[in-house]
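So the structure is just underneath, and the comments pick up after that.
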2 protein chains.
Amino acid sequence: MSTPSPSAKNRILDAANRLFYGEGIRAVSVDAIATRAGLTKKTLYYHFKSKDDLIEAYLASRDQPNLALFRKWFDEAEGDLADKAEAIFVNLAQSARHPKWKGCGFLRTAAELANMPGHPAMKVGADHKKKFEAWLCEVFGEGRTADPDELARHIVLLMDGAFSTVLVHHDPAYIESAGRAAREVVTNALCTPPKSKAPLR
Amino acid sequence: MSTPSPSAKNRILDAANRLFYGEGIRAVSVDAIATRAGLTKKTLYYHFKSKDDLIEAYLASRDQPNLALFRKWFDEAEGDLADKAEAIFVNLAQSARHPKWKGCGFLRTAAELANMPGHPAMKVGADHKKKFEAWLCEVFGEGRTADPDELARHIVLLMDGAFSTVLVHHDPAYIESAGRAAREVVTNALCTPPKSKAPLR
DNA sequence: ATTGGTATACTATACAGTGAGTATACACCA
DNA sequence: TGGTGTATACTCACTGTATAGTATACCAAT
């Protein structure tokens with residue numbers, strides 16, 4: 001075993017996830033995370049060189065699981081692209097009903113660290129969102145949609161809007177509304193090949 | 001004169017606006033605001049009973065000016081409802097290019113205080129967003145759109161999505177993309193009266 | 001016997017909020 | 001007119017606690 005106990009670093013990351021996500025970045029002290037992980041602050045600082053480093057690791061640990069979840073929701077849905085896109089929102093609305101749900105950790109961290117644009121965690125967050133957008137782009141490109149890049153952005157915007165709005169109103173109905181909007185823009189993109197792409201303007 | 005100097009409470013609110021919006025709620029100390037306002041912390045506590053009280057006052061001071069700005073952008077735009085809706089986003093994208101722009105103060109505060117759902121500032125933020133939605137509802141109701149309530153929500157979602165996404169990527173092009181999506185959903189709502197409202201499902 | 005991982009105990013600073021007091025100004029009464 | 005009481009608006013110096021991060025040392029296993 002390279003790791004003597006089954007844990008330590010993992011326990012720290014676990015505690016960081018729970019506390020940073022649940023309470024916010026600046027609201028949570030390093031002491032609190034160490035205590036929650038059942039070890040001392042010095043041990044934490046052995047594994048992570050600073051609080052900023054830990055914040056970055058916290059976000060990085062959410063990247064792949066989050067993307068995988070969205071893909072799963074999309075893949076398991078029946079129907080055409082519009083149905084599958086809407087399914088992501090329907091599932092998200094369901095998640096949002098869990099009492100511990102507090103929106104998107106990436107967006108909330110970006111909001112909290114908006115005054116530190118160079119913070120390493122900000123890059124992790126931006127990369128995560130770009131990956132999600134790129135994946136959407138890909139699936140819309142494979143289907144025969146009018147402008148996959150633009151469509152992917154519209155879905156991303158609706159998604160982030162859903163996260164933010166529900167954080168304000170605590171009403172998952174907004175996510176379902178976003179889902180219907182997503183269905184609508186995807187359907188438009190699927191149906192418009194007959195028409196020329198750009199409106200008159 | 002009831003107020004001996006032309007300021008004090010206003011200077012505090014002004015400093016709070018600059019610092020809370022620019023740096024974040026929990027990143028800014030009461031000392032920092034007092035110093036920025038050019039008075040002592042005790043004076044600040046004479047006018048506001050706590051930091052939480054000041055946070056609430058900060059958000060409340062942004063409510064009407066923000067709404068007025070959106071209305072102005074909408075009213076001054078030429079064209080039909082879709083043009084006017086898109087105009088809000090175009091103007092917002094322009095604002096977002098200012099170096100001091102840090103997204104929506106209401107959303108960022110909601111993200112930061114997500115662990116305190118009962119915080120008085122959260123209510124101020126929620127009310128603000130509801131007022132914006134209600135106003136959209138009204139203007140879409142006057143035009144002959146298919147489902148004004150749902151349409152208003154879609155615009156709100158795109159707007160909050162635009163705020164959040166640009167906070168992550170620092171690229172106002174996302175706001176313009178949101179504007180095109182807004183134009184699209186408004187246009188759909190204007191054109192769909194021929195069709196029955198609900199899709200097959 | 002040295003390395004990886006952990007702990008106790010500490011430093012220095014920053015934080016929200018307070019105790020006690022001061023200067024000004026106005027209101028009411030003699 | 002002058003004196004007294006009271007509210008407003010403000011300051012200096014402070015308290016107790018929490019914060020990020022560290023110095024030093026211990027211990028188990030290679």
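Just so it is clear: chains get the letters A, B, ... in the order the sequence lines come, proteins before strands, and each one is counted from 1. Treat the numbers as computed from the prediction; the structure is a model and nothing was measured. What you see below is based on every heavy atom in this structure, not just the backbone, and it leaves out hydrogens, waters and symmetry mates.
A:T187 places a side-chain N or O within donor-acceptor distance of the main-chain N or O of A:R183, the cut-off being under 3.5 Å. Panel note: side chain A:R97, backbone A:P172; no donor-acceptor pair is recorded below 3.5 Å.
The stretch residues 111-122 of chain B has no heavy atom under 4.0 Å from DNA chain C, so no residue of it qualifies as close.
Of all nucleotides listed (D:dC12, D:dC10, C:dT6), C:dT6 comes nearest to the side chain of A:H47.
Taking all atoms of both residues into account, the shortest heavy-atom contact from A:P117 to A:M122 is O-CB, 4.0 Å.
For the pair B:K9 and B:F48, the cation-pi test (distance below 6.0 Å, angle within 45°) is passed.
Within 4.0 Å of A:S29, counting heavy atoms only, lie sugar-phosphate atoms of the nucleic acid but no base atom.
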Under 3.5 Å, which protein N or O atoms sit close to an N or O of nucleotides 17-23 of chain C? Give each pair with its distance.
unit_1, atom_1, unit_2, atom_2, d
C:dG17, OP2, B:Y45, OH, 2.8
C:dG17, OP2, B:K51, N, 3.1
C:dG17, N7, B:K41, NZ, 2.9
C:dG17, O6, B:K41, NZ, 2.5
C:dG19, N7, B:K42, NZ, 3.4

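For A:F70 and A:W135, the ring centers sit 6.0 Å or farther from each other.
Atom P of nucleotide D:dA20 and atom CZ of A:F48 are separated by 15 Å, given to the nearest angstrom.
Within the helix from C:dA1-D:dT30 to C:dA30-D:dT1, the inter-axis angle between the opening and closing five-pair segments is 10°, rounded to 10°.
Taking A:H47 as the reference, nothing meets the ring pair (Phe, Tyr, Trp, His ring centres under 6.0 Å) condition, with sequence neighbours excluded.
Applying the salt bridge (charged side-chain N to carboxylate O under 4.0 Å, His left out) rule to pairs touching residues 50-66 of chain A yields A:D63-A:K131, sequence neighbours excluded. Counting only residues at least two apart or in different chains, ring-ring contact (aromatic ring centres under 6.0 Å, His included) contacts with residues 84-130 of chain A comprise A:F106-A:H128.
Counting heavy atoms of neighbouring residues, nucleotides and ligands inside a 6.0 Å radius, atom NZ of B:K123 does not exceed 12 of them.
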